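Report on one structure; see the data block that follows.
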Amino acid sequence: MKLPEATNFIEQIINEELEAGKFEGIGNEIHVRFPPEPNGYLHIGHIKAMCINFGVKDKYHGTLNLRMDDTNPAKEDYEYVNSIVEAVKWLGFEYDKLVFASDYYDKLYEIAEKYILDGNAYVCDLSAEEITATRGTLTEAGTESPYRNRSIEENLKLFREMKSGVYPDGAKVLRAKIDMSSPNVNMRDPIIYRIAHVPHYRTGDKWCIYPMYDFAHPVSDAIEGITHSLCSLEFENHRPLYNWFVERSGLPAPLPRQIEFARLNITNMLMSKRYLKKLVDEKFVRGWDDPRMPTVMGLKTRGVPPEALKKFCADVGVAKAYSVVNQAQLDSCIRDNLNLNAERAMAVINPLKLTITNYGGEEELDFEKNPTNPEAGARPVKFSGSIYIDKDDFSLNPPPKYKRLQKGGTVRLKGAYIVRCDDVKLDKDGNAEELFCTYFPESKSGSTLPCDIKAKGVVQWVDCKYGVDAEFRQYEPLLKDEEYPDQDYAERLNRESEKSFFGKAEPYLKDSANDTPFQLMRTGYYKKCEENGRLVLSEIVSLKDSFNK
RNA sequence: UGGGGCGUCGCCAAGCGGUAAGGCAACGGACUCUGACUCCGUCAUUCGGGUGUUCGAAUCACUUCGCCCCAGCCA
């Protein structure tokens with residue numbers, strides 16, 4: 001068979017295995033899984049994991065299970081499984097099956113009994129504190145539990161009693177019998193089952209004992225016939241344990257192989273579920289879909305296209321080295337996508353009135369919706385000679401190479417005419433309050449008339465008569481501190497992360513039904529939404545660089 | 001200081017013994033009815049350091065330094 005070209009070390013490993021014929025018994029089919037725990041919403045870090053897993057699935061024409069890793073009833077809920085499914089679908093990833101670790105509780109229990117029967121597990125009566133104390137330290141071996149050598153019959157009886165609910169939480173646990181003096185702490189008789197009289201969101205109170213990740217995960221992989229279990233670096237130390245459980249599970253070969261990769265970090269983006277949950281719970285943000293959140297839903301409400309996110313993950317790559325990607329790299333992917341797809345519109349954030357003294361009447365001008373894509377069509381823009389431009393587009397003391405309007409200078413009004421500023425009315429503080437200009441009819445946009453007037457700059461504008469009020473919301477990224485200071489984190493988020501401006505926008509923005517992202521000329525990419533009948537423009541990402549060079 | 005990982009341009013990242021890809025950022029310049037976009041050009045005599053092996057090393061060996069992970073009845 002001809003192998004696809006590997007683009008990262010994981011695919012390289014898969015290619016090598018395929019070449020060696022490792023999966024011939026199963027028709028060379030690759031099976032992977034994406035296993036979030038339904039205890040929070042998916043964030044951009046998960047998108048990387050999905051790109052890797054779904055990427056392998058697509059490249060090798062394999063299958064992928066979306067698996068809810070729900071073995072801790074205390075934290076999990078349907079709210080989260082629904083949000084996860086929604087996020088996966090919005091991103092356009094197609095999984096083969098939606099499965100739950102909790103689907104395997106019976107099977108898992110059965111396999112746990114097998115471990116006992118094989119002498120590989122025992123019931124331990126030590127308290128949590130005692131277990132911790134006897135685990136040893138990083139440099140000293142642990143000591144064996146006094147319950148380690150109970151008979152198989154006694155272990156079986158005790159384990160069944162644990163299951164039947166006769167013991168309170170914490171009274172007993174089932175432990176794997178491995179090696180208390182292993183240099184790998186994870187191998188020092190890890191706990192397989194704990195007692196928790198907590199109802200599970202799916203199985204209700206059918207169970208009062210729940211399997212631990214270290215046992216449930218590898219065995220779930222084996223049950224599903226997963227060939228490659230891709231996870232992040234912190235599980236490297238668990239791999240020997242993963243293999244230990246899989247090899248003794250009695251499940252048919254081929255055994256799954258765990259491969260670890262470095263998780264995604266982005267400057268100024270906080271990706272810890274714990275903190276994100278805190279922000280939501282303590283109402284520092286409106287919810288998991290708040291546009292300032294790095295969650296899939298936050299990115300969605302912000303207007304970021306899924307394709308831009310996938311491109312970003314592809315650009316960032318997959319490796320084992322710890323890394324922090326510059327947010328500029330994400331922004332670049334978003335800009336690239338939006339530049340190609342987003343419609344263009346005009347709006348001014350700080351309106352400065354500009355009156356054209358030699359213009360009478362009004363007219364309708366044609367604007368292309370997207371200069372990079374003529375098929376996007378055109379929209380009409382009304383012009384009455386009395387308009388607003390942005391305060392930033394006029395200067396009383398222009399710096400060198402200033403391209404926009406100044407007294408006595410000219411500028412082109414985007415899509416309309418070139419105007420010359422004849423007079424400036426100042427307010428009491430000496431700032432420009434209104435501009436009086438003359439326009440040049442022969443400079444009309446698209447006109448073939450000869451025109452001697454030139455303008456270096458182009459500015460956007462909104463008609464005074466037809467423009468509508470708009471609110472602009474600018475979002476700073478979620479802030480991340482090296483030290484993760486709980487205290488002022490949320491405070492800073494509120495203080496610095498959301499800014500509002502009020503200005504004027506084209507009526508086109510208010511009227512257009514769709515709320516797909518668009519670009520405000522020279523200002524940035526925005527998403528339109530309606531709040532209580534108000535036009536709200538939320539920033540997606542700013543244009544690169546720009547003003548005042 | 002036990003064990004497991006990782007160290008290639010400011011930030012990601014290819015490279016797998018034959019003489020340092022690419023992306024982001026930055027910096028020049030061209031173009032432009034968005035100071036955007038696009039386009040052209042510049043940006044690692046060097047791969048954490050050292051020592052060996054070799055005709056030849058980022059790639060192999062040894063050594064040294066630095067960073068990350070592991071002692072939840074979380075995942």
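These numbers come from a predicted model, not from an experiment. To find a chain, count down the sequence lines: A is the first, B the second, and so on, and within it residues start at 1. These values consider heavy atoms only, across backbone and side chains, with no hydrogens, waters or symmetry-generated copies.
Below 30°, between 30° and 60°, or above 60°: for W288(A) and Y41(A) the angle between ring planes is below 30°, a parallel geometry. Between H238(A) and F235(A), the ring-plane angle classifies as perpendicular under the 30° and 60° cut-offs.
Within the structure, side-chain hydrogen bond (donor to acceptor under 3.5 Å, both in side chains) pairs that include any residue of residues 328-338 of chain A comprise N337(A)-N341(A) (at least two apart or interchain).
Side-chain atoms of R239(A) stay outside donor-acceptor range of the base of G4(B), with no qualifying N/O pair under 3.5 Å. In terms of polar N and O atoms assigned as donor or acceptor, the side chain of N237(A) comes within less than 3.5 Å of the base of G3(B) in a complementary pairing.
Between P35(A) and V185(A), the one whose closest nucleotide on RNA chain B sits nearer the 5' end is V185(A).
A cation-pi arrangement is present between K163(A) and Y109(A), with the terminal nitrogen or guanidinium carbon under 6.0 Å from the aromatic centre and inside a 45° cone about the axis. With F100(A) as the aromatic partner, R67(A) does not meet the cation-pi criteria of under 6.0 angstrom to the ring centre and within 45 degrees of the ring axis. By the 6.0 Å and 45° rule, R175(A) does not stack over the aromatic ring of Y122(A).
Regarding D69(A), its CG atom lies at a distance of 14 Å from the P atom of C74(B), rounded to whole Å. Computed from coordinates, the Q519(A) CD to C37(B) P distance equals 10 Å when rounded to whole Å. Spacing between atom NZ of K75(A) and atom P of C73(B) amounts to 13 Å, rounded to whole angstrom units. The CD atom of E234(A) sits 14 Å away from the C1' atom of G72(B) (whole-angstrom rounding). The separation between E11(A) atom CD and A14(B) atom P is 11 Å, rounded to whole Å.
Among the nucleotides A25(B), C73(B), C70(B), the one closest to the side chain of K544(A) is A25(B).
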Collect all protein-nucleotide pairs involving nucleotides 7-12 of chain B in which both atoms are nitrogen or oxygen and the distance is under 3.5 Å.
{"residue": "C11(B)", "atom": "O4'", "partner": "N326(A)", "partner atom": "ND2", "Å": "3.4"}
{"residue": "C11(B)", "atom": "O3'", "partner": "V324(A)", "partner atom": "O", "Å": "3.2"}
{"residue": "C11(B)", "atom": "O2'", "partner": "V324(A)", "partner atom": "O", "Å": "2.8"}
{"residue": "C11(B)", "atom": "O2'", "partner": "N326(A)", "partner atom": "N", "Å": "3.4"}
{"residue": "C12(B)", "atom": "OP1", "partner": "V324(A)", "partner atom": "N", "Å": "3.1"}
{"residue": "C12(B)", "atom": "O5'", "partner": "V324(A)", "partner atom": "O", "Å": "3.4"}
{"residue": "C12(B)", "atom": "O2'", "partner": "V316(A)", "partner atom": "O", "Å": "3.0"}

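Distance noted for atom P between G49(B) and A58(B): 11 Å (whole Å).
K310(A) meets the side chain to side chain donor-acceptor pair (under 3.5 Å) test with no other residue; sequence neighbours excluded.
The partner of A58(B), taking Watson-Crick or G-U wobble pairs whose two distances both stay under 3.5 Å, does not exist in any strand shown.
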